[in-house]
Asker: 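Got a structure here, written out as structure tokens. Questions coming.
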Amino acid sequence: MRLWIKNPLAILAQGAGGGVVVEGGKIVALVASGEAPAHDKVFDASRHVILPGLINTHHHMFQTLTRAHPAAINKELFPWLKALYPIWARNVKPDAFRMASRLALTELMMSGCTTVSDHHYLYPDGLENAMDIQAEEAERLGIRMTLNRGSMSLSEKDGGLPPDSIVQDDDEILADCERVLGKYHDTSEGSMLQVALAPCAPFTVTKNLMVETMKLAEQHNCTCHTHLGETHDENDYCLEHFGCRPVDYLEDLGWMNDRVWLAHGIHFNDDEVARLGKHGVGVCHCPTSNMVLASGHCRTKELEAAGSPVGLGVDGSASNDNSNLIEGVRHALMINRLTYDAASITHFDAFRWATEGSAKCLNRDDIGKIAVGKQADFAMYTLDELRFSGAGDPLAALVLCGAHEADRVMITGEWKVEDAMPVNMDVAKLRYEHGEAAKAFLEAV
Ligand SMILES: Nc1nc2[nH]c(O)nc2c(=O)[nH]1
């Protein structure tokens, strides 16, 4: 069945003014304006602005349960984490975690996201099957996912930041990493599920775990992820505990390679940017979180120029506090204009980070672009709301007027969102059930 997505209002692809043809879950043709390709079925896209499906490269979905939490608002990262660790430790149980994952995945998809990566690093007793829960939820919704088997193994008693109750030991973590890789890591073209190994941060995991994690990733050919360069506190921590800055520490651990993408990547000097770029280390820019936690400005332009892929992430929903990636695209444009200037940063930069750049961070070349041979993943927006009325350039309007929901989302050639609603999810029920699950987190204050 050849589906012609016909004559879009605008599309983020050269030479595709007449739309695209989709067959077998892939893009098989770009249609020039005025042309009519062979097809079996037509979708009239004359109201739609089409982007490649957006790719989210950093989240902590469990944090949807502590949005705008009174104990944590108005704080920078370290005090924010210290306020939330005990609340998470007591309350993130399997059912609540399932609701959190379902909600975040659905919210992301409704914003136009077709591939998600969730950095799950919290394993209190009873939540050992967190990766299995997320794999089930991604499959249920039909969204592509990179499961991040995250970890924390350095608690307060050993000089780390988290309390003892939420760390695991290195051997237990590594055994579960192997289990999850064996069960879920699919590197084939068009894969719906992959696994990344993701020790949380320099101040939450042991050096041994970082080193052993990279060895495992090499054996299983998977990507690696961690937080780095997010705050001045992290710099101070590394200097005090390791006698060097975070990037030197990363190098010492054997993590300077193109399997790795880092969350945040803000506080790097010129020499560090050059070294990260030279080794192809990716950076997930998290503009919303960086503004909420007052963490700083990511050096996106310099990192890309040096050779680092730059992707985009919403970050955990306690430091954002939503899971809306098209809104993140707007925030990326804005904060980068402040970092650089208006002429140096355009909506095309922000789109590139959320699509091609994110795909590169996840080491995927089958998604992130509207081109022949790529997966048929699209985010399609209308400009029908009041906020768009009078807009001239449809692609720029998505970012400047503030698009917040996709009217249509296609993943692997199948419609997953129609008329701004997910096709296989009762959103009202989800809102109720997640809200109920989150109540326990407030009662714990
Ligand atoms: N923005 C965030 N940064 C983090 N660092 C860390 O160790 N955990 C987190 C987190 O949850 N959010």
Side-chain angles (χ1 to χ4, degrees), residues 56-69 71-89 91-92 97 100-101 104 117-124 127 130 148-156 158-163 166-168 173 197-206 209-210 213 224-238 241 246 249-250 261-267 283-298 311-323 328 331 335 441:
N56 186 55
T57 50
H58 188 67
H59 203 333
H60 310 287
M61 293 182 180
F62 71 92
Q63 295 177 8
T64 60
L65 296 158
T66 49
R67 287 170 160 163
H69 198 288
I73 52 173
N74 312 328
K75 290 184 166 65
E76 292 192 3
L77 181 70
F78 274 26
W80 176 87
L81 281 170
K82 280 177 119 24
L84 285 169
Y85 282 143
I87 298 170
W88 293 333
N91 295 289
V92 183
F97 181 66
S101 301
S117 179
D118 188 50
H119 188 180
H120 184 70
Y121 59 75
L122 191 84
Y123 290 80
L127 198 60
N148 290 212
R149 205 310 179 177
S151 47
M152 295 202 291
S153 66
L154 189 71
S155 72
E156 273 169 326
D158 299 315
L161 204 68
I166 44 171
V167 301
Q168 297 177 293
I173 291 165
L197 302 184
C200 186
F203 49 88
T204 63
V205 295
T206 63
L209 183 63
M210 293 293 289
T213 296
C224 289
H225 184 51
T226 192
H227 292 99
L228 206 88
E230 186 174 0
T231 61
H232 292 297
D233 283 342
E234 177 197 308
N235 265 347
D236 295 344
Y237 181 94
C238 288
H241 289 81
Y249 181 55
L250 202 71
W261 88 102
L262 308 170
H264 304 286
I266 297 169
H267 299 286
V283 170
C284 169
H285 176 32
C286 300
T288 317
S289 163
N290 295 167
M291 291 189 279
V292 169
L293 297 176
S295 303
H297 298 243
C298 176
L312 206 64
V314 293
D315 199 11
S317 303
S319 61
N320 178 328
D321 290 11
N322 66 30
S323 308
H331 291 163
I335 191 174
F441 292 75

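Just so you know, ligand 1 is whichever comes first in the structure, and atom 1 is the first atom listed for that ligand. No experiment lies behind these values; they were computed from the predicted model shown.
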Asker: Relative to the ring of H58, is the ring of H227 parallel (under 30°), tilted (30 to 60°) or perpendicular (over 60°)?
Answerer: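 Perpendicular: the ring planes of H227 and H58 meet at over 60°.
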Asker: According to the interplanar angle, ranging from 0 to 90°, do the rings of H225 and W261 count as parallel (below 30°), tilted (30 to 60°) or perpendicular (above 60°)?
Answerer: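 H225 and W261: parallel rings.
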Asker: Are the side chains of I173 and R149 in contact, using a 4.5 Å heavy-atom criterion?
Answerer: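 Yes, their side chains come closer than 4.5 Å.
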Asker: Please list the nearest protein heavy atom to atom 4 (C) of ligand 1 with its residue and the distance rounded to 0.1 Å.
Answerer: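 Ranked first by proximity to atom 4 (C) of ligand 1 is H227 NE2, 3.3 Å.
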Asker: Can you check whether G229's main-chain N or O pairs, donor with acceptor, with E234's side chain at less than 3.5 Å?
Answerer: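 Yes; at least one donor-acceptor contact below 3.5 Å.
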Asker: Under 4.0 Å from a heavy atom of F203: which atoms of ligand 1 are those, numbered in the order shown and with their elements?
Answerer: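 Checking each atom against F203, I get 7 (O).
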Asker: Against heavy atoms of A201, which atoms of ligand 1 measure under 4.0 Å?
Answerer: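 Taking each heavy atom of A201 in turn, ligand 1 has 7 (O) under 4.0 Å.
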Asker: If you count the atoms of ligand 1 from 1 in the order shown, which ones are under 4.0 Å from a heavy atom of Q63?
Answerer: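 Listed by number with element: 10 (C), 11 (O).
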Asker: Under a 3.5 Å threshold, yes or no: a donor from one side chain and an acceptor from the other, between H59 and H120?
Answerer: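 Distance-only check fails for H59 and H120.
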Asker: Taking C-beta and beyond as the side chain, do N320 and V292 meet within less than 4.5 Å on heavy atoms?
Answerer: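 They are not in contact (no side-chain heavy atoms under 4.5 Å apart), so the answer is no.
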Asker: Does D315 reach ligand 1 with a nitrogen or oxygen that is under 3.5 Å from one of the ligand's nitrogen or oxygen atoms?
Answerer: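 It does: an N or O of D315 is found under 3.5 Å from an N or O of ligand 1.
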Asker: What's the shortest distance from atom 3 (N) of ligand 1 to any protein heavy atom, and which residue and atom give it?
Answerer: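 Of the protein heavy atoms, E230 OE1, 2.7 Å lies nearest.
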Asker: Quick one: which ligand 1 atoms are inside 4.0 Å of a heavy atom on Y121?
Answerer: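 Checking each atom against Y121, I get 8 (N), 9 (C), 10 (C), 11 (O).
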Asker: Which atoms of ligand 1 sit under 4.0 Å from any heavy atom of C200?
Answerer: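 Reading through ligand 1 atom by atom, the close ones are 6 (C), 7 (O), 8 (N).
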Asker: Heavy-atom distances under 4.0 Å decide this one: backbone, side chain, both or neither, for L77 against ligand 1?
Answerer: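 It is the side chain that gets close, since no backbone atom is under 4.0 Å.
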Asker: Are any of the N/O atoms on T204, whether in the backbone or the side chain, positioned under 3.5 angstrom from an N/O atom of ligand 1?
Answerer: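 There is no such contact.
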Asker: Ligand 1 versus F62, non-hydrogen atoms closer than 4.0 Å: side chain, backbone, both, neither?
Answerer: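 No part of F62 comes within reach of ligand 1.
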Asker: Among M152, H60, H119, which one puts a heavy atom closest to atom 12 (N) of ligand 1?
Answerer: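 Heavy atom nearest to atom 12 (N) of ligand 1 belongs to H60.
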Asker: Is the backbone N or O of V314 less than 3.5 Å from a side-chain atom of N56, with the two atoms forming a donor-acceptor pair by type?
Answerer: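 Side chain of N56 to backbone of V314, a donor-acceptor pair under 3.5 Å: yes, one is there.
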Asker: Could you point out which residue of F97, F441, W88, Y123 forms a ring-ring contact (aromatic ring centres under 6.0 Å, His included) with F62?
Answerer: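 Result for ring-ring contact (aromatic ring centres under 6.0 Å, His included) with F62: W88.
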